[in-house]
Amino acid sequence: MKVKVVTRILEANDRLAEENRKRFQDAGVYVVNLMGAPGAGKTTLLERTIQALKPHMKIGVIEGDIVGSDDAERIGALEVPVVQINTGGACHLDANMINEVLDELPLRDLDMLIIENVGNLVCPAEFKVGEDMKMMVLSVAEGHDKPLKYPLMFRESSALVLNKIDLLPYMNTDMKKVRNDSLALNPNLKIFEVSCTTRAGIDTWAQWLRELKS
Ligand code: MG
């Protein structure tokens, strides 16, 4: 019985996600659903990515958090259009939440919209929001067991950004295992290694993202 209810929720969400997707297509905006655990560095990667791409394209952002507007304020400081969604407890963004804020963004002026999901390695991967692609950030401090423990997120993502590589000398993280397990789940996954602190790898990552739009 419970399974049926969940299925219906996901079906309703998929229909609305498809409506969002058409709206994004009409506006000519490429949409990225950015996922990852709390503290992985999603907002900081977003800041570095915007700094790298701002001279080349117009980026807008939707920030998803359970409460608060700290992340939207950080992104707003970079002078790009940003809307904060507070889910009020829900552990993910869904298509309806995105639909409700689209009028607040200048969609037709944007080349790319990046949606930072609520920090969580589970349910954000289950709910489409109308995106062109999903991606995830995994900090090397989270350990090398995450791909096998949270496989759906790795399967659903087109890109995996391994963040905080400047911390590797202090960690026992087996990066080869992270890569091998991730690619076993998703052979098409593009993997990038970056440090948002030292900015290592940011240009390579940002260039790849930029080319998705063209
Ligand atoms: Mg954040």
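Note that the structure is predicted; figures quoted are calculated from it, not measured. Every number for a ligand or one of its atoms is a count from 1 in the order of the listing.
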Could you tell me if [Y] and [X] have a donor-acceptor pair between their side chains, going purely by distance under 3.5 Å?
X: Asn33; Y: Asn117; answer: yes
X: Gln51; Y: Glu47; answer: no
X: Asn20; Y: Asn99; answer: yes

For this session: State which residues pass side-chain hydrogen bond (donor to acceptor under 3.5 Å, both in side chains) with Ser195; sequence neighbours excluded, sorted by chain then number.
Result: Asp166, Thr198
Exercise. Can you hop from Leu209 to Val161 via hydrophobic side chains spaced under 4.5 Å?
Worked result: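 Same cluster: Leu209 reaches Val161 through Ile, Leu, Val, Met, Phe, Trp or Tyr contacts under 4.5 Å.
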For this session: In plain terms, say whether Asp103 and Arg23 are close enough for a salt bridge, that is, a side-chain N and a carboxylate O under 4.0 Å apart.
Result: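 Yes, this pair counts.
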Exercise. What number of protein N, O or S atoms occur at distances under 2.8 Å from the Mg ion (ligand 1)?
Worked result: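 Counting protein N, O and S atoms closer than 2.8 Å to the Mg ion (ligand 1) gives 3.
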